[in-house]
Amino acid sequence: PVICAEDGKAKGVEALVRWQHPQMGLVRPDLFIPIAEESKLIVPLTNYIFEKALKDFANMKVESGFRVAFNVAPEHFTQDDIESKFIHLRDSLDRIGVKPLIEITERQLLTPDICQRIESLRQLGILVAIDDFGTGYSSLAYLRNFEVNTLKIDRSFLIDIATNTADQAIVSSIIELARNLKLNVVAEGIETVEQLEQVFSRGCYIIQGYYFAKPMCVDDFERYLETDNKIVSIDH
Ligand code: MN
C-alpha cells in the first residue's frame with residue numbers, strides 16, 4: 001500500500017511479485033528479478049503482473065484516482081506492442097477509477113530512444129515515477145530530459161534519517177526538488193514513527209513501508225482497505 005500520512009488512507013499500491021517455489025519455498029524478489037532481467041524473462045513476467053493486477057482490481061472498490069504502480073524494466077519499452085498494451089491497461093483500470101503508474105529505476109541506462117517511448121506513454125495518460133531516486137548517477141539528467149510525475153526517495157536515505165544529518169540534508173533536498181518541479185514525492189521503507197516524522201515535517205506525506213502496511217496479498221489488501229487504515233496525528 002501507498003499511504004497518505006495526512007489521513008492514513010491508501011491512495012494506491014505498488015504491485016510486487018513473490019515466487020512460491022515448490023522446493024525452495026518463498027524466493028525473495030532481489031534474488032530472482034535480476035535473473036529474470038538477465039534471462040530476458042522480465043518482459044513476460046511484467047506482462048503477467050499487468051494481467052494479474054487487472055484481474056485483482058476488477059472488482060475492487062477504491063477511491064477515484066487510486067494508483068496501481070508497476071516496476072517496469074527499460075527493456076520493456078523496446079517492445080513493438082508497448083503502446084497498445086498500455087492503452088489496454090489504462091482503459092481497463094480506468095473503468096474502476098484506477099490510474100496506472102510505471103516506476104522506472106536508474107539502475108540501467110535509459111537510452112534516448114527509451115526515454116522517447118516513455119514520454120509517448122506519459123502522453124497517453126500513464127503516470128511515470130523515478131524509483132530509488134538518488135541512487136542512480138543520472139537522476140538529475142533524467143529530470144531535465146523527460147517529464148515524470150513522481151520521485152520515490154530511495155529507502156537507503158531513510159533507514160537512519162532519524163539520526164543521520166547527511167541523510168536529513170539529502171532528503172530535504174529531494175523533497176524541495178520535487179516541490180520546485182511540481183512532482184509528487186514518495187518516501188519508501190518507512191518503518192518507525194521517527195522516520196515518518198522526519199519526512200512528514202519536511203513536506204513528504206505519501207508513504208510506503210512497514211509503519212503503515214507490509215506488502216500483502218490482494219485478499220488481505222481488500223480487507224485492509226475496509227478496516228485497517230491507520231489514523232496518525234502528526235503536527236504539520
Ligand atoms: Mn518500485
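Every number for a ligand or one of its atoms is a count from 1 in the order of the listing. We're numbering straight along the sequence, starting at 1.
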E188 near the Mn ion (ligand 1): N/O/S under 2.8 Å: no
What about the rings of F157 and F133, do their centers lie closer together than 6.0 Å? no
Once rounded to 10°, what is the value of the angle centred on the Mn ion (ligand 1) between N71 OD1 and D131 OD2? 90°
So that I can tick it off, tell me whether D7 and K9 are bridged by a salt bridge, with the cut-off set at under 4.0 angstrom between side-chain N and carboxylate O. no
Is there a side chain to side chain donor-acceptor pair (under 3.5 Å) between Q195 and E191? Walk through the geometry before answering. CA-CA 7 Å; Q195 290 171 319; E191 297 184 1; 5.9 Å; no
Go through the steps for I207 and F200 under the test side chain to side chain contact (heavy atoms under 4.5 Å, CB included), then give the verdict. CA-CA 9 Å; I207 305 295; F200 198 93; 5.9 Å; no
About how large, to 10 degrees, is the angle OE2 of E14, then the Mn ion (ligand 1), then OE1 of E103? 90°
